[in-house]
Amino acid sequence: MALSPSSSRTLAPVLLSLLLGGPVLASEIVGGQPAQAHAWPFMASLQRRGGHFCGATLIARNFVMSAAHCVNGLNFRSVQVVLGAHNLRRREPTRQIFSVQRVFENGFDPSRLVNDIVIMQLNGSATINTNVQVAQLPAQGRGVDNGTLCLAMGWGRLGTNRPSPSVLQQLNVTVVTNLCRRRLNVCTLVPQRRAGICFGDSGGPLVCNGLVQGIDSFIRGGCGSGLFPDAFAPVAEFADWINSIIRGHDEHPNIHPRDPESGTS
């Protein structure tokens with residue numbers, strides 16, 4: 001079972017929390033289906049030592065957004081951001097690989113999983129093409145209503161005891177307000193089916209009406225319980241802060257991503 005890097009030190013509390021219905025760090029896709037290759041070109045893979053551990057979203061040519069708990073306690077300089085990926089088990093020529101230059105958080109509380117958002121500045125600027133594109137974000141305070149249909153996605157395990165997929169998975173979900181901490185989270189369920197996000201590579205986007213409205217954060221009651229909604233950090237509550245970071249830091253157009261085939265810059 002792949003947990004986020006910081007959670008491996010607290011495996012027993014995490015499992016106890018799962019059994020008792022408490023929050024557990026999340027975002028594998030359970031009950032989803034393979035996405036079409038590069039259908040979501042803003043989707044990024046966070047990797048260490050060549051292994052995927054969290055999802056992220058390209059929000060500007062030189063910034064990605066993910067869950068704060070993904071890098072909490074990590075040396076961010078050990079993280080690589082992989083854009084343009086689809087099948088993580090293949091050497092894809094579409095990939096652009098960057099390291100992380102700087103990290104921005106906004107009051108993340110790991111005990112309550114509040115403000116579970118992080119912005120990472122890349123060491124260069126992505127080349128925008130059909131396989132790598134910048135996501136659209138909502139305006140400040142313009143969140144989603146109960147009943148909105150959205151899409152979650154990720155490379156995490158297909159179930160608690162099932163392996164991770166090679167290709168990106170996606171899942172249709174519905175926004176719910178019941179059993180949800182309003183304004184602190186956007187919550188989703190899959191009606192009449194046991195499906196949802198699960199342990200592993202948190203930080204992936206929740207896409208609603210073409211906008212990234214959430215960041216995969218945590219689950220309760222088990223993977224795809226059908227009872228407790230999955231929780232996402234609400235991007236619309238941080239939109240002004242996100243935009244201030246992007247506007248306040250220049251891009252570096254003369255730095256190019258490493259070529260995954262040659263290993264050169």
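This structure is a prediction, so every number in the text was calculated from the model and none was measured.
Under a 4.5 Å side-chain heavy-atom cut-off, the cluster of Ile, Leu, Val, Met, Phe, Trp and Tyr residues that includes Leu149 has no other member.
Qualifying side chain to side chain contact (heavy atoms under 4.5 Å, CB included) partners for Asn131, counting only residues two or more places apart in sequence or in other chains: His38, Thr94, Asn129. Listed by chain and number, the residues in a side-chain hydrogen bond (donor to acceptor under 3.5 Å, both in side chains) with Arg102 are His249 (sequence neighbours excluded). Partners of Arg183 according to the salt bridge (Lys or Arg N to Asp or Glu O under 4.0 Å) rule, which considers only residues two or more places apart in sequence or in another chain, are Glu237. Residues satisfying the side chain to side chain contact (heavy atoms under 4.5 Å, CB included) criterion with Val103, sequence neighbours excluded, are Phe76, Val100, Glu105, Val118, Met120. Residues satisfying the side-chain hydrogen bond (donor to acceptor under 3.5 Å, both in side chains) criterion with Arg181, sequence neighbours excluded, are Asn185. In this structure, the side chain to side chain contact (heavy atoms under 4.5 Å, CB included) partners of Leu211, at least two apart in sequence or on a different chain, are Gln136, Pro138, Gln213. With sequence neighbours excluded, the residues forming a side-chain hydrogen bond (donor to acceptor under 3.5 Å, both in side chains) with Asp109 are Ser111, listed by chain and number. Residues passing the side chain to side chain contact (heavy atoms under 4.5 Å, CB included) test with Ala239, sequence neighbours excluded: Gln140. With sequence neighbours excluded, the residues that form a side-chain hydrogen bond (donor to acceptor under 3.5 Å, both in side chains) with Ser78 are Arg48.
Between Phe42 and Trp40, the ring-plane angle classifies as tilted under the 30° and 60° cut-offs.
A continuous path of Ile, Leu, Val, Met, Phe, Trp and Tyr side chains, each step under 4.5 Å between heavy atoms, connects Phe63 with Trp241, placing both in one hydrophobic cluster. Hydrophobic cluster membership differs between Val186 and Val114, with clusters built from Ile, Leu, Val, Met, Phe, Trp and Tyr side chains linked at under 4.5 angstrom.
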Could you walk me through whether Asp230 and Val173 pass side chain to side chain contact (heavy atoms under 4.5 Å, CB included), step by step?
-> CA-CA 10 Å; Asp230 299 329; Val173 297; 5.8 Å; no
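Distance check, rounded to the nearest 0.5 Å: CZ of Arg61 to OG of Ser125 gives 4.5 Å.
Arg95 places no side-chain N or O within donor-acceptor distance of the main-chain N or O of Gly84, the cut-off being under 3.5 Å. Formation of a donor-acceptor pair under 3.5 Å by the Trp155 side chain with backbone atoms of Asn87 is not found in this model. When atom types are taken as modelled, the side chain of Asp116 and the backbone of Ala68 share a donor-acceptor pair closer than 3.5 angstrom. Between the side chain of Thr174 and the backbone N or O of Gly147 there is no donor-acceptor pair closer than 3.5 Å. Put simply, the side chain of Gln96 gets close to the backbone of Thr127: a donor and an acceptor are under 3.5 Å apart.
Val81 approaches Ala44 most closely through the heavy-atom pair CG1-CB, 4.2 Å. What you find for Ser217 and Ala233 is that their closest heavy atoms are CB-N, 4.1 Å. In terms of heavy-atom proximity, Ala135 sits nearest to Val212 at CB-CG2, 3.7 Å.
Taking 4.5 Å as the limit, every side-chain heavy atom of Phe232 sits out of range of all side-chain heavy atoms of Ile215.
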